[in-house]
Amino acid sequence: MQFLHTMVRVNDLDASLHFYCDLLGLKEVRRKENEKGRFTLVFLAAPEDEARSERLTAPELELTYNWDPEEYTGGRNFGHLAYRVDDIYALCQHLQDNGVTINRPPRDGHMAFVKSPDGISVELLQKGDALSPQEPWASMENSGSW
């Protein structure tokens, strides 16, 4: 398992970049604009992690800016933790066998979401290429929120 990033939703991207980059000293390593989804993702790395971030896309802080205004309550501005895993199906099965709800099953063989006992969303991402879709995951519905 490898730690990838922590995601935080931000209301003012410029103010957030000023805080994280200009004041704290993090570096912007990449940016993704998604017009269809109406959001911008900005990935930041600490100076000593910058080369590793460019090579591994980890460890990073992901700032998510939703273009349509939204008020974040109940901790919704904190998004999720993300981990790259060797076998997403095996890990999800292990978690499910131990009573963990798979909130967003790995239908695509690439991504799943679960929650910690404290309700923190954890994103699981398949290392390398997505695995071929397989049951029971391929037809499993989402459960709750993530």
Side-chain angles (χ1 to χ4, degrees), residues 1-96 98 100-134 137-138 140 142-146:
M1 183 180 289
Q2 177 187 22
F3 177 76
L4 298 178
H5 63 261
T6 297
M7 184 272 265
V8 178
R9 288 182 174 87
V10 299
N11 285 313
D12 182 330
L13 185 57
D14 292 332
S16 295
L17 287 171
H18 173 69
F19 173 78
Y20 288 107
C21 296
D22 299 337
L23 302 179
L24 283 181
L26 299 180
K27 307 287 185 180
E28 182 174 332
V29 293
R30 72 182 179 288
R31 181 181 292 232
K32 295 180 182 178
E33 304 277 343
N34 187 312
E35 193 157 330
K36 184 178 178 184
R38 301 189 46 75
F39 64 86
T40 300
L41 305 179
V42 179
F43 293 87
L44 308 176
E48 291 184 22
D49 290 326
E50 192 172 2
R52 200 164 40 141
S53 168
E54 289 174 4
R55 191 174 71 252
L56 303 172
T57 65
E60 297 171 336
L61 174 62
E62 173 190 328
L63 302 181
T64 297
Y65 172 68
N66 292 307
W67 301 354
D68 299 317
E70 182 178 342
E71 182 156 338
Y72 303 117
T73 59
R76 182 156 153 64
N77 58 318
F78 176 80
H80 60 263
L81 301 174
Y83 292 93
R84 183 174 293 131
V85 301
D86 289 330
D87 184 331
I88 197 163
Y89 294 140
L91 181 57
C92 285
Q93 188 63 59
H94 173 73
L95 292 168
Q96 190 173 48
N98 284 278
V100 175
T101 299
I102 309 300
N103 300 102
R104 194 281 191 192
R107 288 182 294 275
D108 55 5
H110 175 70
M111 178 180 66
F113 274 91
V114 297
K115 283 192 176 180
S116 76
D118 296 304
I120 300 297
S121 290
V122 178
E123 180 181 21
L124 306 172
L125 294 166
Q126 175 62 43
K127 182 188 274 183
D129 293 334
L131 301 179
S132 298
Q134 58 182 254
W137 314 110
M140 188 179 288
N142 293 342
S143 176
S145 65
W146 61 88

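This one's a predicted model, so the numbers in the text were calculated from it and none came from an experiment. Below, all heavy atoms of this structure are taken into account, side chains as well, without hydrogens, waters or symmetry copies.
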Point to revise | Partner of T57 by side-chain contact (heavy atoms from CB on, under 4.5 Å), out of H5, R84, R52 | key: R84
Revision key, fill the gap. side-chain contact (heavy atoms from CB on, under 4.5 Å) filter on S121, not counting sequence neighbours, yields H80, F113, K115, W146
Study note, to complete from the structure: Sequence neighbours excluded, the answer for side-chain contact (heavy atoms from CB on, under 4.5 Å) partners of E70 is N66, Y72, R76
Point to revise | Passing option when M140 is tested against C92, P106, P105 for side-chain contact (heavy atoms from CB on, under 4.5 Å) | key: P105
Revision key, fill the gap. Residues Y65 and N11: closest non-hydrogen pair is CE1-O, 3.3 Å
**Study point:** Heavy-atom closest contact (V114 atom, T101 atom, distance)
**Key:** CG1-O, 3.7 Å
Sequence neighbours excluded and cut-off under 3.5 Å, please list the side-chain donor-acceptor pairs for residues 24-32, or say none.
residue, atom, partner, partner atom, Å
E28, OE1, R31, NH2, 2.9
E28, OE2, R31, NE, 2.9
E28, OE2, R31, NH2, 3.4
R30, NH1, E60, OE1, 3.2
R30, NH1, E60, OE2, 2.7
R30, NH2, E60, OE1, 3.1

Review point. What pairs with F19 under ring-ring contact (aromatic ring centres under 6.0 Å, His included), at least two apart in sequence or on another chain?
Key: none
Could you pull out every donor-acceptor pair under 3.5 Å between side chains of residues 125-133 and any protein atom, sequence neighbours left out?
residue, atom, partner, partner atom, Å
Q126, OE1, I88, N, 2.8
Q126, NE2, D86, O, 2.8
K127, NZ, D86, OD1, 3.0

Enumerate, atom names and distances included, each donor-acceptor pair closer than 3.5 Å involving a side-chain atom of residues 36-44, sequence neighbours excluded.
residue, atom, partner, partner atom, Å
R38, NE, D68, OD1, 3.1
R38, NE, D68, OD2, 3.0
R38, NH2, D68, OD1, 2.7
T40, OG1, E33, OE1, 2.8
T40, OG1, W67, NE1, 2.8

Review point. When rounded to the nearest 0.5 angstrom, what is the spacing between CG in L23 and CG in L17?
Key: 11.0 Å
Study note, to complete from the structure: Residues T6 and L61: closest non-hydrogen pair is O-CD1, 3.3 Å
Exercise for review: Kindly compute the distance separating CD1 (I102) from CD (Q96), expressed to the nearest 0.5 Å.
Suggested key: 5.5 Å
Check your understanding: Under 4.5 Å between any side-chain heavy atoms of L56 and Q2, yes or no?
Key -> yes
